Every structure is written in structure tokens, then in C-alpha cells.
Amino acid sequence: LAATMVSADVIRSLKGRSAALTLTDAAGGESLRGRIASFLESVDGLVVFLVDPEGHTHTIHYHHIAELEPLETGLKG
């Protein structure tokens, strides 16, 4: 059965926020945590730049994100 892909619009709405995500099996199935720092709009879809707590940047094409969970409920004020 095919999994429902996380939409590019949902990912865009989380820019600047922390999130936990799981990659698809095709992308290694790894779980990552970090801040969604920015995006690149490419011809074949959205590329996400995720910065992990150690400061490493991961570039992930959005169709390789199987699950996405925001880790913050909103901005602190």
C-alpha cells in the first residue's frame, strides 16, 4: 500500500520551526530532528533544508518525507 505523502504546503507552513521527520524506505528510513531552515523550489518539487541540533544541514526532497511532526506548538512571546 502506498503511504500518503506529506504535502509541500504543510512543510512550507513549518518554516523556522522544529520538527521530527521520518524518511521513506527509499531514502533510508532514517528519523531526523531539527529546524526547518529553508526551502528550494525545484522543477520536480520542494527541497527542504533541515538543520539538526548539532548544526548539520540535511537536504531532503519532500517526497522522501514519510512522516512529519512539529515539535513546537507555536511561537513563544
Side-chain angles (χ1 to χ4, degrees):
L1 296 172
T4 303
M5 188 169 60
V6 177
S7 78
D9 288 336
V10 167
I11 297 168
R12 282 185 198 100
S13 74
L14 297 174
K15 183 177 180 181
R17 294 180 57 194
S18 294
L21 53 88
T22 303
L23 301 180
T24 63
D25 289 341
E30 185 179 8
S31 293
L32 298 170
R33 287 179 173 260
R35 183 177 57 83
I36 298 175
S38 62
F39 312 107
L40 172 67
E41 300 282 348
S42 68
V43 173
D44 61 343
L46 190 71
V47 177
V48 178
F49 291 83
L50 180 83
V51 180
D52 68 23
E54 291 79 33
H56 300 108
T57 301
H58 303 265
T59 55
I60 308 153
H61 198 285
Y62 86 104
H63 72 258
H64 288 300
I65 300 174
E67 297 176 21
L68 177 67
E69 177 185 351
L71 297 177
E72 302 169 347
T73 57
L75 298 175
K76 296 175 183 167

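Along the sequence shown, the residues carry numbers beginning at 1. Keep in mind that what you see is a predicted model, and the values were worked out from it rather than measured.
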- Within-4.5 Å side-chain heavy-atom neighbours: V6 and L21: no

Acceptor/donor pairs from residues 23-38 side chains to any protein atom, 3.5 angstrom cut, sequence neighbours excluded:
residue: T24; atom: OG1; partner: A27; partner atom: N; Å: 3.3

Contacts table for residues 43-56: side-chain donor-acceptor under 3.5 angstrom, sequence neighbours left out:
residue: D44; atom: OD1; partner: S42; partner atom: OG; Å: 2.8
residue: D52; atom: OD1; partner: E54; partner atom: N; Å: 3.0
residue: D52; atom: OD1; partner: G55; partner atom: N; Å: 3.0
residue: D52; atom: OD1; partner: H56; partner atom: N; Å: 2.9
residue: D52; atom: OD2; partner: H58; partner atom: NE2; Å: 2.9

- Tell me, please, which residues at least two apart from S18 pass side-chain hydrogen bond (donor to acceptor under 3.5 Å, both in side chains). E72

- Could you grab the distance from atom CG of L14 to atom CD of E69, nearest 0.5 Å is fine? 11.0 Å

- Query: Is I60 linked to L40 within one hydrophobic cluster, defined over Ile, Leu, Val, Met, Phe, Trp and Tyr using a side-chain heavy-atom separation of less than 4.5 Å?
  - Reply: no

- Message: Checking D9 now: which residues fulfil side-chain hydrogen bond (donor to acceptor under 3.5 Å, both in side chains) with it, not counting sequence neighbours?
- Response: R12

